[in-house]
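Some notes on the structure that comes next.
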Amino acid sequence: EEIERAEAAAALNEAVTEAKAVSNADGKYTAESYQALQDAIAEAERVASDSSSTAAQLRAALAAVESAQKALKATPRVERGKTYIVSGQYYMVMNVATSTAAGTVTFIKAGNTKRVTVPNYVTLADGKNYNVTIVGANAFIAPKIRTVTIGANVINLTRGAFTKSKATKVIIKTKLLNKASVKGCLKKSKVKTVQIKVGTKKENKSFIKKYKKYFKKANAGRKVTVK
């Protein structure tokens, strides 16, 4: 039995050494499957260090490590220029996220709901965050839309962003717009009110004054009330 236990312990130690060499620094594997391997390794090391562990327990720990290693799942790839659907809304990738920096996406199509929010960011299939920085043309043509909230990371409302939209109210939460970045965005829309909610009352007041200049008919394409 001692020989059997020694052989099982040696096999387990070898498997643990091999498994510990598997790195996920580049995000190659999904977080869940990689964590499952780490858990199996930790349990195997506990069993191996316990002098009362039987050969059967050592072999079970070995099987668990090998199974977890085989079950590692590759992280899905996200590609620049491709469109992804998150919560019924469509986003096109502009820059792919890395291990140290968020990616960026363009909001290209809203879902058919009365209230639509362009979020600050979305998490795509690779498990990384992508800041929503641009709203594309004709993004809000779904017939039920009446109110649209623009998230804090948006820097550009593309010309025609609200074209053919039935939305009558737009809530702005971003501080990043300028005159050029909203030019023509309200053309051929039904928007009546642009409400500024970028932060504190003081900040809102400041940005109302600034955005009133940007959302004039001559620039944005439609006469609206900015408040």
Side-chain angles (χ1 to χ4, degrees), residues 1-113 115-134 149 151-154 173-174:
E1 185 175 332
E2 283 300 317
I3 294 176
E4 183 182 8
R5 186 186 184 286
E7 290 176 343
L12 178 58
N13 288 332
E14 183 178 350
V16 166
T17 298
E18 180 183 331
K20 290 177 77 171
V22 177
S23 172
N24 201 34
D26 58 357
K28 181 179 179 180
Y29 305 108
T30 64
E32 293 78 9
S33 66
Y34 189 73
Q35 185 57 52
L37 176 60
Q38 302 314 300
D39 292 344
I41 290 172
E43 175 60 15
E45 290 180 325
R46 186 195 67 77
V47 172
S49 65
D50 186 348
S51 59
S52 66
S53 294
T54 64
Q57 289 173 320
L58 292 165
R59 285 193 294 268
L62 169 63
V65 170
E66 291 177 335
S67 177
Q69 192 165 349
K70 289 179 181 178
L72 285 170
K73 294 181 180 179
T75 300
R77 287 186 62 191
V78 168
E79 298 181 37
R80 183 178 181 182
K82 284 197 172 184
T83 298
Y84 298 86
I85 304 173
V86 180
S87 300
Q89 304 196 125
Y90 293 70
Y91 303 85
M92 185 173 71
V93 175
M94 306 302 290
N95 295 291
V96 177
T98 66
S99 59
T100 57
T104 59
V105 293
T106 294
F107 183 99
I108 60 173
K109 184 180 178 182
N112 190 23
T113 57
R115 294 177 177 272
V116 168
T117 295
V118 176
N120 295 344
Y121 66 89
V122 289
T123 303
L124 297 186
D126 58 0
K128 296 182 174 65
N129 292 336
Y130 287 74
N131 292 331
V132 185
T133 58
I134 300 173
T149 298
N153 288 324
V154 172
K173 292 192 173 183
T174 177

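Everything numeric here is computed off the predicted structure, so don't read it as measured data. Throughout, residue positions are numbered sequentially from 1 according to the sequence presented.
Without hydrogens or angle criteria, N131 side chain to T133 main chain gives no donor-acceptor distance under 3.5 Å. Between the N153 side chain and the N120 main chain, a donor and an acceptor come within less than 3.5 Å of each other. For T113 (side chain) and R115 (main-chain N/O), a donor-acceptor pair under 3.5 Å exists by modelled atom type. Side-chain atoms of T106 never come within 3.5 Å of backbone atoms of I108 as a donor-acceptor pair (strictly under, hydrogens ignored).
When all heavy atoms are compared, the tightest approach of A8 to A55 is CB-O, 3.9 Å. Of all heavy-atom pairs between R5 and S51, the closest is NH2-O, 3.5 Å. Shown here for V47 and Q57, the closest heavy-atom pair between the two residues is CG1-O, 3.9 Å. Taking both residues in full, the closest heavy atoms of Q89 and V116 are given as OE1-CG1, 3.3 Å, listed atom of the first, atom of the second, then distance. Listed here is the closest heavy atom pair of L72 and L37: CD1-CD2, 4.0 Å. Minimum heavy-atom separation, P76 to T30: CD-CG2, 4.4 Å.
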Give the table of side-chain donor-acceptor pairs shorter than 3.5 Å for residues 58-69, with sequence neighbours excluded, one pair per line with atom names and distance.
residue	atom	partner	partner atom	Å
R59	NH1	E4	OE2	3.0
R59	NH2	E4	OE2	3.3

Side-chain donor-acceptor pairs of residues 79-86 under 3.5 Å, sequence neighbours excluded:
residue	atom	partner	partner atom	Å
R80	NE	M94	O	2.9
Y84	OH	E79	N	2.9

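Within a 6.0 Å sphere centred on CD of E14, other residues, nucleotides and ligands contribute 12 heavy atoms or fewer. Counting non-hydrogen atoms of neighbouring residues, nucleotides and ligands closer than 6.0 angstrom, the OH atom of Y34 exceeds 12 such neighbours.
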* Asked: Between T75 and D126, does a side-chain hydrogen bond (donor to acceptor under 3.5 Å, both in side chains) hold up when you go through it step by step?
  -> CA-CA 6 Å; T75 300; D126 58 0; over 6 Å; no

* To do: Take V96 and Y130, measure what side-chain contact (heavy atoms from CB on, under 4.5 Å) needs, and give me the verdict at the end.
  => CA-CA 8 Å; V96 177; Y130 287 74; 3.7 Å; yes

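Taking OG1 of T104 as the reference point, atom CG of N129 lies at 12.5 Å (rounded to 0.5 Å). In this structure, NZ in K20 is found 9.0 Å from CD in Q38, a value given to the nearest 0.5 Å.
Proximity of the aromatic rings of F107 and Y91 is defined here by a centroid distance below 6.0 angstrom, and this criterion is met.
The pair R46-E43 counts as a salt bridge, with a side-chain nitrogen and a carboxylate oxygen less than 4.0 angstrom apart.
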